[in-house]
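Below is one structure, written out as structure tokens, with a few remarks after it.
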Amino acid sequence: MKSINLLDEGLESLYGIHDENLKLLEGDLKVHISARGNRLTVDGDEQGIHIAEKILKEFSRLIAEGYTIRNGDFKVAIRLLRDNMKVSLEDFFLKTRIYPSDKKQVTPKSLNQKKYIEAIKEHDIVFGIGPAGTGKTFLAVAMAVAALHNKTVSRIILTRPALEAGEKLGFLPGDIAQKVDPFIKPLYDALHELMSPDKVHRLLERGWIEVAPIGFMRGRTISDAFIIIDEAQNTTTEQMKMLLTRIGLNSKVVITGDITQIDLPPGKKSGLKEAIKILASIKGMSFIYFDRSDVVRHRLVQEIIQAYESYSQQEAPESSP
């Protein structure tokens, strides 16, 4: 059993509506919590007691510093501390917050997401590599919107291979925007989660956000921009080299992709896979690797990814000559 004394400020926010945060700790950590004002007793599983104490004390200090606890923060904290009790929740939740607008804030959900945000802040070219659902595209868009909001860049450029169509863009109906929009939809989804649809539309109309097919990047020098190359595993070697050499002054580039989901035709090498090998030693670039533990979608997504990984490992020996 452990007795804990907390700061008086923000107890309602810390405990949650009808003590929902305390109940979450009890259920996930196999502990029992009794609270009287700012004094609590925690009993039960030894590791659970230590994690609950650290979460309650550190979130109490965060609230005193002006942090607003949001839905999901306690679950993130539990997951972090189960992996590493030395993690500072103050550093994690305060120092890597992204502000896409004055009223919106985004925080990482895993240590790799935190490293990713820090890498984007510190480096001009960052590769985010890992399975679907790990937040690599959403966080890149959040960082881009924050940079535009803070006027550290003058525009955002979004590009993504249109390989999923199985045909050339020229054979698709409509103007260039209508041809490209279906393949940029995941990026639009992220934009709409960070800003109102009206604002997204205005920024697109003014050219402050540009949707550029990969082919249209050729021959340009792009300065003062935040460039996101999404689904980069489906770029060719030539496309990746071309994209990376478009970068002008005061530009930042984030390349995202999942090297386990390459849809290129036989005989074509993935530009992303080659870039990892060719560019790894260049200073000023950063490579952040995500895994299934970083998945922030439905809990079943982690299990689906693990199942496919296990199946691939079993199949590999059988397919060998």
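- The shortest heavy-atom contact between I288 and N112 is CG2-O, 3.8 Å.
- Follow the hydrophobic side-chain contacts under 4.5 Å out from L249 and you never reach I222; the two are in separate clusters.
- Proximity of D124 to I247: side-chain heavy atoms (C-beta onward) are nowhere separated by under 4.5 Å.
- In this structure, CD1 on I228 lies 6.5 Å from CD1 on I156, to the nearest 0.5 angstrom.
- Side chain of K136 to backbone of P131: a donor-acceptor contact under 3.5 angstrom is found.
- Between the CD1 atom in I4 and the CD1 atom in I33 there is a gap of 7.0 Å [rounded to 0.5 Å].
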Show your reasoning for whether side-chain contact (heavy atoms from CB on, under 4.5 Å) applies to H32 and E26. CA-CA 6 Å; H32 175 71; E26 287 182 319; 3.4 Å; yes
When you look at I214 and M242, which way does the side-chain contact (heavy atoms from CB on, under 4.5 Å) test go after all the steps? CA-CA 9 Å; I214 283 178; M242 179 271 292; 3.9 Å; yes
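- Once rounded to the nearest 0.5 Å, the distance linking NZ of K252 with CD of E122 reads 9.0 Å.
- A donor-acceptor pair under 3.5 Å is formed between the side chain of N21 and the backbone N or O of L14.
- Cluster membership for I282 and I278, using ILVMFWY side-chain heavy atoms within less than 4.5 angstrom, is shared.
- The side-chain heavy atoms of I255 and M240, taken from C-beta on, include a pair separated by under 4.5 Å.
- Atom OH of Y308 has 12 or fewer neighbouring heavy atoms from other residues, nucleotides or ligands inside a 6.0 Å radius.
- More than 12 heavy atoms of other shown residues, nucleotides or ligands fall within 6.0 angstrom of atom CG in N84.
- No hydrogens or angles considered: a donor-acceptor pair under 3.5 Å links the side chains of S293 and D291.
- Contact record, I51 with M85: CG1-SD, 3.5 Å, taken as the closest heavy-atom pair.
- Closest of all the heavy-atom pairs between A35 and L22 is CB-CD1, 4.2 Å.
- Two residues are said to be in side-chain contact when any heavy atoms from C-beta on lie closer than 4.5 Å; M143 and V254 fail this criterion.
- At least one donor-acceptor pair under 3.5 Å links the side chain of S270 to the backbone N or O of Q233.
- No more than 12 heavy atoms of other residues, nucleotides or ligands shown are found within 6.0 angstrom of CD on E46.
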List the steps and the verdict of side-chain contact (heavy atoms from CB on, under 4.5 Å) for E193 and V141. CA-CA 10 Å; E193 194 167 335; V141 175; over 6 Å; no
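- The shortest side-chain heavy-atom distance between L29 and D45 does not fall under the 4.5 Å cut-off.
- Salt-bridge check for E65 with R61: failed, with every basic side-chain N at 4.0 Å or more from each acidic carboxylate O.
- Heavy atoms from other residues, nucleotides or ligands lying under 6.0 Å from NE2 of H201 number 12 at most.
- Counting heavy-atom neighbours within 6.0 Å of I17 CD1, excluding the residue itself, gives a total of 12 or less.
- Q105 approaches P100 most closely through the heavy-atom pair CA-CD, 4.2 Å.
- A salt bridge does not link D19 to K23: none of the charged side-chain nitrogens sits closer than 4.0 Å to a carboxylate oxygen.
- Side-chain contact of T134 with D294: a donor-acceptor pair under 3.5 Å is absent, judged by distance alone.
- Taken to the nearest 0.5 Å, the CD atom of E274 stands 9.5 Å off from the OG1 atom of T236.
- In this structure a side-chain-to-backbone donor-acceptor pair under 3.5 Å is missing from T221 to G248.
- K115 contributes atom NZ, which lies 13.0 Å from atom OH of Y289 (distance to the nearest 0.5 angstrom).
- Grouping the Ile, Leu, Val, Met, Phe, Trp and Tyr side chains by contacts below 4.5 angstrom, directly or via other members, places I98 apart from F92.
- Residues L89 and E58 come closest through the heavy atom pair N-OE1, 2.8 Å.
- When side chains are defined from C-beta on, T152 does not count as touching F226, because their heavy atoms never get closer than 4.5 Å.
- With sequence neighbours excluded, the residues forming a salt bridge (charged side-chain N to carboxylate O under 4.0 Å, His left out) with R155 are E210, listed by chain and number.
- In terms of hydrophobic clustering, with Ile, Leu, Val, Met, Phe, Trp and Tyr side chains grouped at heavy-atom distances under 4.5 Å, L94 and I117 are assigned to different clusters.
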side-chain contact (heavy atoms from CB on, under 4.5 Å) evaluation trace for F138 with L194: CA-CA 9 Å; F138 177 76; L194 296 162; 3.8 Å; yes
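- Other residues, nucleotides and ligands contribute more than 12 heavy atoms inside 6.0 Å of the NZ atom of K114.
- Under the 3.5 Å distance criterion, the side-chain polar atoms of S251 are matched with a main-chain donor or acceptor of A225.
- Across all non-hydrogen atoms, the minimal contact from Y67 to D73 is OH-OD2, 2.6 Å.
- Remark: side-chain polar atoms of E231 are not paired, donor with acceptor, to backbone N or O of P161 under 3.5 angstrom.
- Side-chain contact between L56 and L40 is present, with at least one heavy-atom pair separated by less than 4.5 Å.
- Side-chain contact between V126 and Y116 is present, with heavy atoms from C-beta onward closer than 4.5 Å.
- Separation of atoms OG (S110) and CG (L80) is listed at 7.5 Å; rounding is to 0.5 Å.
- The closest donor-acceptor contact from the side chain of T256 to the backbone of T137 lies at 3.5 Å or more, if one exists at all.
- Between the side chains of N250 and S223, no donor-acceptor pair is found at a separation under 3.5 Å.
- Counting non-hydrogen atoms of other residues, nucleotides and ligands closer than 6.0 Å to NZ of K269 gives a total of 12 or fewer.
- Put simply, I120 and F93 are part of two different groups of oily side chains (I, L, V, M, F, W, Y) that touch within less than 4.5 Å, one to the next.
- Counting non-hydrogen atoms of neighbouring residues, nucleotides and ligands closer than 6.0 angstrom, the CZ atom of R218 reaches no more than 12 such neighbours.
- Within the 3.5 Å criterion, the main-chain N or O of K109 finds a donor-acceptor partner in the side chain of Q113.
- With contacts defined as side-chain heavy-atom distances shorter than 4.5 Å, the pair T107/R70 qualifies.
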